[in-house]
Amino acid sequence: MKKYLISKFDEAKNKLEYLNEVPLQLSAPASKDHGDLATNIAMMLTKKLKRSPREVAAEILENLNLDENIVVKTEIAGPGFINFFFSENFTVGIIKEIIEKGEDFGKSDKYSGRKANVEFVSANPTGPLTVGHGRNAVLGDTVSNMLEWVGYEVDREFYFNNAGRQMRVLGDSVKHRYLQLLGEDIEFPEDYYQGEYISEIAKELFEEFGDALKNEPPEGKFKEKAENAIFDDIKKTLGSANIKMKNFFNEYSLYEDGKINDVLKKFEEKNLTYKKDDALWLKLTDLGAEQDKVIIKSTGEPTYRLPDIAYHITKFKRGYDLIVDVFGSDHSATYPDVLAAVKALGYDTEKVRVLIYQFVTLIKEGKVVKMSTRKANYVTLDELIEEVGKDVLRYFFIMRNASSHLNFDLSLAKKQSEENPVFYLQYAHARIASILRMTKDEGLNYSLERLDKLATPEEQNLIKKLYDFPEEVLTNAEHLEPHKIANYLEELATLFHKFYTECRIIGVEKELSEARISLAVAAQTVIRNGLTILGLSAPDRM
RNA sequence: GCACCCGUAGCUCAAUUGGAUAGAGCGUCUGACUACGGAUCAGAAGGUUGAGGGUUCGAAUCCUUCCGGGUGUACCA
């Protein structure tokens, strides 16, 4: 529908040059009374032309040259909106397109040939993934899916650091548990990793090596074993939430490849660093930040900032057209520094999009659960998946805007599982599957011959919603807003249920029946495709 | 103190990126199966969009000042 109007507006530009002055905005009004599409263009022009918006609207309409068989009615409404009402025969064509394209309906080639890197999860292997990582993982995976749907070739990337103080503490935590197993009476430091998994790793080492590791340093076998075990665990967890990951990028490789030194050299060339108190500082104030930051400590160790900068530079050098970082709000203060530094070295930071999400508050039996990996006071993602299932988990994490705080009420997610929005969507899909099984038994099949018979408001509303799907996918991918796909699917499911309630599919005359079967197949296809983008299953029975 | 994010129905959240009468779900109340899945549908009640000021044809959305919550503000990551 939009394409048609856009082409008509383009034609009209020859006669009304002022149409070039402002961008054409076409949107579907909230209320059906206002037509299928509306534009505010007359109101936007009112100031420039110094004429009343309704007068401008009338002039535009006169010059649009619309086909009455396609646009059956136009009107100038309210302060100066132009409303367009489309013919029913124009919209039903979408059913044919949906059925033809099937699982590809909604995909776009707008960004094909371009490469995107989506960095997400990026947890250090010090413990199992927790609820907090869950939102990150689901967001990153879903955004990746969306980008793929609009044509990008997406690399999903997990950045981690298996060196440094945290990992030493991890190794030493395991060693302490190991020594305790050997019967040594040593105290377990409070600020060490308290989780049960540490003891399990220690036990495995004991079973494998007996007491032979008594004098092994914490950074040796202990750390190595812990890292491997925890990483295996993380990968397993991601798999069970249907989260795909391609690259695991080790921070340490940046040192081995000399990338860190390269960056330091470049900073020096550009005179962006200075020494103070034995530390090396980056002149971030020259780049617009509020204060300079240390990039190499007086001990000679770099701070996290330096490898982060080097890491982002590798993303540019690997040729990505789009670089997405999925970060929790605790990083919101640090990424501007990294981007400023990368920009100062000559890279186009316009390519970087940072998706910041607010924290998840887990509520268990009415109480807020405060979480800390170190204190082992957390709920793991595995536990959550086991309790509510991967579909509910993914849906709860994705259905809200990333920028808003999310309350995850564990008892509610379980208890309400029957009234859960995710089941509402899946139910619509299963319901259609059930009808299709039944029509098949009756010897009925879909037919595109008499789609013009789909004339009730319920049928038309559903068709128009289906029509929106490709654009929903496209704009929401561009804005990195996966929650809107979930919202869209809920609205679509509602319209389907209304159609189902009002319109019999079986037991009406054959032509109408077959047209309605076509509509049901189309609706099922779109629901299934939407669920696929969200990483959810589309069951035929529930 | 300063920076960023948030504040919308009793609760959890939407709102086509500045558009028309601010919408859903849960909860509450009233209805609908001798016909395709009642995990559904129809209806009711519920709002000064935290408060005040500003910008304009038009503001939940942008600017500003307060109030309240979250996160940062390290030679931790």
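Chain naming here is simple, since letters A, B, ... match the order of the sequence lines and numbering starts at 1 in each.
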- Query: Any side-chain donor-acceptor pair under 3.5 Å between A:Y424 and A:T494?
  - Reply: yes

- Between B:rU65 and B:rU71, how far is it from one P atom to the other, in whole Å? 24 Å

- Item | Residues in side-chain contact (heavy atoms from CB on, under 4.5 Å) contact with A:P336, at least two apart in sequence or another chain | none

- Task: Select base, sugar-phosphate, or nothing to describe what A:M438 touches, counting heavy atoms under 4.0 Å on all strands.
- Result: sugar-phosphate

- Message: In whole Å, measure the gap between the P atoms of B:rU49 and B:rU21 for me.
- Response: 14 Å

- Item | Aromatic ring of A:F81 stacked on base six-ring of B:rG19, 5.5 Å, 30° | no

- Task: Give a yes or no on whether a donor-acceptor pair under 3.5 Å exists between the nucleobase atoms of B:rA20, that is its base, and the side chain of A:N83.
- Result: yes

- Query: Quick one: the side chain of A:D330 and the base of B:rG72, do they pair up donor-acceptor inside 3.5 Å?
  - Reply: no

- Any A:K293 side-chain nitrogen or oxygen under 4.0 Å from OP1 or OP2 of B:rU73: no

- Message: Side-chain N or O of A:S122 versus OP1/OP2 of B:rA77: is the shortest distance under 4.0 Å?
- Response: no

- Task: Could you check how far CD of A:E490 sits from P of B:rA15, rounded to whole Å?
- Result: 12 Å

- Distance test, side-chain N/O of A:Y424 to OP1/OP2 of B:rG38, below 4.0 Å: no

- Item | Check: B:rC75 base within 3.5 Å donor-acceptor of A:S298 side chain | yes

- Tested for ring-ring contact (aromatic ring centres under 6.0 Å, His included) against A:F158, the lone hit among A:F120, A:Y311, A:F249, A:F248 is A:F248

- Rounded to whole angstrom, note down the P distance from B:rA24 over to B:rC41. 12 Å

- Counting just side-chain N and O atoms, does A:K498 come under 4.0 Å of either OP1 or OP2 of B:rA42? yes

- Whole Å only: how far is the OH atom of A:Y193 from the P atom of B:rA77? 12 Å

- How far does the P atom of B:rG50 sit from the matching atom of B:rA60, given to the nearest Å? 10 Å

- Message: Please determine whether a side-chain nitrogen or oxygen atom of A:S434 lies at a distance below 4.0 Å from atom OP1 or OP2 of B:rG37.
- Response: yes

- Item | Touch class at under 4.0 angstrom, heavy-atom based, for A:A428 against every strand present | nothing

- Expressed in whole Å, how much space separates the C1' atoms belonging to B:rG72 and B:rU12? 26 Å

- Message: Can you measure A:E502 atom CD to B:rC33 atom P for me and round it to whole angstrom units?
- Response: 14 Å

- Please list every stem that involves RNA chain B, where a stem is a run of 3 or more consecutive Watson-Crick or G-U wobble pairs with both pairing distances under 3.5 Å. B:1-7 with B:67-73, B:10-13 with B:23-26, B:28-32 with B:40-44, B:50-54 with B:62-66

- State whether A:H331 places a side-chain N or O below 4.0 Å from either non-bridging phosphate oxygen (OP1 or OP2) of B:rC76. no

- Message: When the P atoms of B:rC2 and B:rC29 are compared, how many Å lie between them, rounded to an integer?
- Response: 49 Å

- Could you tell me whether A:F397 and A:F408 have their ring centroids closer than 6.0 angstrom? yes

- First locate atom CD1 of A:I95, then atom CG of A:L454, and finally report the distance between them rounded to the nearest 0.5 Å. 5.0 Å

- Is A:H405 stacked on the base of B:rG70, with ring centres under 5.5 Å apart and planes under 30° apart? no

- Among the nucleotides B:rA14, B:rC4, B:rG37, whichever has the atom closest to the side chain of A:S332 is B:rC4

- Task: For B:rC75, take OP1 and OP2 only and decide whether either is under 4.0 Å from a side-chain N or O of A:K276.
- Result: no

- Message: Can you confirm whether the side chains of A:D325 and A:H331 place a donor and an acceptor under 3.5 Å from each other?
- Response: no

